[in-house]
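Here's the structure, in structure tokens; my notes come after.
Hydrogens, waters and symmetry mates are skipped; everything else that's a heavy atom, side chains included, is used. Throughout, protein chains are lettered first and strands after them, A, B, ... in sequence-line order, and every chain is numbered starting at 1.
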Amino acid sequence: MEESMILQKIRELYHRYRMITGWEKIAGGIFTGLILACIYIAFVKVTGFWTGYYWYFIALPIASVIVAFVLHQFKKVSFMDVALKSDEKLQLKEKLSTALEWIEQQKIRTPMFRGLLRDTAQASKEVKESKVFPLEWKSPLKKISAVSVFLVVFLWMPTFSLFTGQEDPKIVRAIQQEAKKIEESAKKLEKKQPKNPANLKKFKKAEKELKKLASELKSPDIKKREALAKISRVQDSLSQDTKQKADMEKMEQELKKALFSGENKDDKGDEDAFGELSKKMQNLAEKLKNEKLSKEEKEQIQKELEKIKNALEQSGQKNENLEKALENMKKGNDKKAGQNLSEAGEQFQQRQSEMDDMESLEELGDELEESQDMISGRKMSGNYPDMEFKEGDGEGEADFGKGSTNKEEKTNQPPSNIYTKRQHQSTPDRRGTYEKLYGATRNEYEKATGQVKGKISKGPTIRSLRSNKQGAPRIGDKAKESPGEVYARYKALNEEALKKEKIPSRYKKLIRNYYDEIDPNQGKETDQGTGKETEEN
Amino acid sequence: MKAEEQVQKFKAVFEKVSGEIGKVIVGQKDIVRDTLICLFGGGNLLLEGVPGLGKTLLVRTLSRVLDLSYSRIQFTPDLMPADITGTNLVVEKEPGKRVFEFQRGPVFSHLVLADEVNRATPKTQSALLEAMQEHSTTVAGVIHQLPEPFMVLATQNPIEMEGTYPLPEAQLDRFLFKTLVPFPTETELGIIIDRTTGTETPDVGKVLGGEEILEMKKLVRSVLMSTPVRDYISRLVISTHPETEQASNPTKKYVRYGSSPRGAQALVVGAKVNALIDGRYNIGFEDVLAVAKPALRHRLILNFEAQAEGISPDQIVEQIIKEIPREAEKTTKKQG
């Protein structure tokens with residue numbers, strides 16, 4: 001009688017305990033899922049990386065609940081566990097658990113055991129399952145729910161429109177027009193053959209991505225943020241493929257200097273350095289192979305090759321064939337040198353092809369950049385006369401790298417114009433600007449007495465202090481660094497920044513041109529060369 | 001007699017004996033409780049405290065309350081084992097006929113008070129070993145059974161260490177409990193002054209005989225213990241051993257040797273008496289914790305670091321209790 005009563009009570013307690021812990025786990029799962037969903041929203045907000053999978057917000061809490069439920073089901077709880085927990089909660093001093101053990105294991109029924117049975121049965125009559133295991137917010141659950149509510153309020157609600165609101169149909173139309181453009185670009189790329197066959201894979205990949213992007217952008221449910229994120233992703237992929245281009249461009253710049261030092265640089269500015277170099281190498285190779293050259297001519301060729309070698313080294317590269325050719329020339333083995341030069345020429349030709357292919361891919365990136373501008377409203381075009389852009393549309397979207405003010409973006413003007421304008425307005429005379437920059441300091445020094453007022457030898461003089469100061473030297477003093485050295489240092493830093501930062505390729509060109517124009521050595525070379533530049537300035 | 005009646009009787013007797021002792025001993029309720037737990041648990045008790053706290057008086061009062069024989073042995077450095085156990089003496093039974101006859105020593109009593117036990121030499125101290133564990137003593141190859149119930153109550157003074165011989169571990173282990181006698185509170189001291197300096201002396205009556213005590217000891221053994229509680233006791237004792245994996249952090253740091261299995265037995269027996277005092281038929285975790293300190297404190301041999309830092313065994317037992325979980329789930333899984 002007492003035994004069945006106790007067993008019945010333990011069963012009831014067991015079911016109650018399972019139910020309560022089950023609910024606790026489910027609640028924990030819901031709140032954990034909410035936290036995960038909020039973290040995902042935060043990630044989208046911070047990075048702008050929008051996958052477009054709205055169901056994540058619902059799926060994460062549901063998945064968490066399922067996981068919690070499965071874990072709950074797998075966690076085995078025995079009657080003894082529940083009896084011990086009940087003993088603890090009801091301060092029964094292990095009456096229930098001891099009685100249960102004796103009943104379950106059919107141990108000897110001693111008078112003591114019978115006494116315990118009667119006592120426990122009496123005590124269990126007053127036990128109410130709901131009081132032993134009440135539905136309550138335990139401390140960990142409280143914390144999880146508080147965090148999730150906080151995150152929902154501060155992260156989810158403001159972005160609710162992400163998955164409920166409809167996008168402006170005008171913007172959707174603009175996106176779809178850009179999708180058509182992208183599709184056309186993909187078709188063009190399909191027809192285009194890379195100059196270097198090794199790049200065929202990259203071209204195919206880019207074509208595939210563009211086509212996929214175009215089809216995604218054509219979707220009528222597409223949203224502005226989503227479209228921008230998708231384009232960004234393809235852009236990133238393209239920039240990954242054209243990573244080496246920055247190095248090659250640098251090398252090309254150095255080579256241009258070396259190759260066209262005696263010629264008008266403006267005329268040769270658009271020439272392909274590697275192509276030219278390849279031709280030059282082939283010519284020299286032919287000369288060395290076929291003709292009997294005088295000592296002076298040989299020296300001339302040797303000098304030219306040395307210059308090219310230095311240029312390559314400056315850009316951190318080497319050409320083994322070129323070096324071998326120089327060695328062979330020194331040894332007087334002209335034919336071998338010619339052969340080496342011929343091979344070097346082929347290598348440079350290959351590089352030129354590589355550059356051209358990268359250029360093609362980079363152009364695609366620029367086109368995508370333009371599409372982004374069109375969609376975000378940074379750039380307006382006559383193509384979309386019916387588009388009305390609200391004030392502030394597209395603000396904060398552009399990123400010109402660290403240190404940029406983004407002021408250009410806020411004016412809603414085409415960026416290319418701004419840059420061109422600034423370039424011509426602010427640096428009409430580079431030499432003059434340089435002098436202006438340092439002239440003021442020099443004048444101040446001229447006006448100053450040059451000494452600190454007070455007793456001599458009681459304190460430091462300006463002269464003694466000046467030695468530690470950076471900046472332009474006083475007239476008559478020797479400069480620590482020549483303008484050329486300062487320029488080279490800044491240019492190197494600029495190149496580094498161009499490599500590291502995410503900057504649209506057309507802006508990279510502008511920046512490089514700017515540096516070329518303020519090059520202090522350029523003026524001298526020009527003066528020595530044609531003298532046109534000096535006359536213009 | 002039904003179990004309920006037996007348990008109620010036990011509870012009532014316990015309260016009655018405590019009440020009688022309380023007429024003489026002021027305060028010290030925990031000490032009286034520990035003493036009675038040892039009595040009903042069939043163990044021996046070591047009382048440690050500075051002189052004048054009523055240790056001897058407590059034992060004397062107990063002997064007056066219980067209808068049992070009582071002897072007191074004052075331990076001194078020149079005390080010999082034979083002075084405790086007794087010896088064979090040549091006795092002239094008939095004229096001209098002399099025989100050896102065993103003269104019983106003071107150990108042949110129900111209650112033996114070994115006063116200032118640490119003043120005797122280890123040889124003499126060890127004379128009590130057999131008596132305490134097996135309730136018998138061997139003299140000249142003859143085993144003499146001691147009367148039942150038998151209990152040794154020893155006292156020792158922790159301050160005067162000069163000319164003393166600290167009890168060896170084997171001897172200490174044979175005490176069920178070691179109880180620390182604290183100094184009385186201000187109120188208690190006032191009552192002690194009143195009681196001991198007036199003309200009236202409190203009178204106590206005999207309330208419990210030897211047969212009843214033996215019955216109660218039997219009842220103690222029949223108290224139920226569940227497996228989770230038993231496993232918890234095992235974990236507690238194992239965690240006092242620094243060389244084991246289950247050793248708790250304070251054990252690893254401060255303990256040289258942990259408790260022997262007698263420690264676990266002491267915990268169980270003590271917890272059983274504790275449960276009966278509370279009128280219950282089974283022991284719970286709380287009963288174990290209630291007797292953990294007196295049952296384990298003399299079984300933990302501390303290392304030099306603990307002594308240097310002034311760490312007491314009680315502090316280590318407290319830490320072990322905090323660290324060792326009841327882990328009911330783990331226990332039941334093992335069963336399954």
Separation of Trp102(A) CH2 from Asn282(B) CG (nearest 0.5 Å): 8.5 Å
Nearest-0.5 Å distance, CG of residue Asp87(A) to OG of residue Ser226(B): 8.0 Å
Let me check something: any side-chain donor-acceptor pairs from residues 285-293 of chain B under 3.5 Å, sequence neighbours excluded? List them with distances.
residue: Glu286(B); atom: OE2; partner: Arg326(B); partner atom: NH2; Å: 3.2
residue: Asp287(B); atom: OD1; partner: Asn274(B); partner atom: ND2; Å: 3.1
residue: Asp287(B); atom: OD1; partner: Arg280(B); partner atom: NH2; Å: 2.7
residue: Asp287(B); atom: OD2; partner: Arg280(B); partner atom: NH1; Å: 2.8
residue: Asp287(B); atom: OD2; partner: Arg280(B); partner atom: NH2; Å: 3.1
residue: Asp287(B); atom: OD2; partner: Gly284(B); partner atom: N; Å: 2.9
residue: Lys293(B); atom: NZ; partner: Glu318(B); partner atom: OE2; Å: 2.6

Sequence neighbours excluded - side chain to side chain donor-acceptor pair (under 3.5 Å) pairs with any residue from residues 20-33 of chain A: Glu24(A)-Lys138(A)
Side-chain heavy atoms of Glu94(A) within contact of Ile283(B), under 4.5 Å: no
Top contributor to chain B contacts, counting heavy-atom pairs under 4.5 Å, from Thr120(A), Leu92(A), Asp119(A), Thr110(A): Asp119(A)
Whether over 12 other heavy atoms sit under 6.0 Å from Lys29(B) NZ: no
Point-to-point distance, once rounded to the nearest 0.5 Å, from OH of Tyr281(B) to CZ of Arg114(A): 12.5 Å
Residue pair Val229(B) / Lys93(A), side-chain heavy-atom distance below 4.5 Å: no
Within 6.0 Å of CD in Glu216(A), more than 12 heavy atoms from elsewhere: yes
Report, one line per pair, each donor and acceptor closer than 3.5 Å where one atom sits in a side chain of residues 15-22 of chain B; sequence neighbours left out.
residue: Ser18(B); atom: OG; partner: Phe14(B); partner atom: O; Å: 2.8
residue: Glu20(B); atom: OE1; partner: Lys23(B); partner atom: NZ; Å: 3.4
residue: Glu20(B); atom: OE1; partner: Gly205(B); partner atom: N; Å: 3.1
residue: Glu20(B); atom: OE2; partner: Lys23(B); partner atom: NZ; Å: 2.9

Minimal non-hydrogen separation, Pro228(B) against Met80(A), with atom names: CG-SD, 4.3 Å
CD (Glu243(B)) with more than 12 external heavy atoms under 6.0 Å: yes
Any residue of residues 208-224 of chain B which, by heavy atoms, sits under 4.5 Å from chain A: Leu219(B), Ser222(B), Val223(B), Leu224(B)
Nearest heavy-atom neighbours spanning Met112(A) and Val7(B): CE-CG2, 3.8 Å
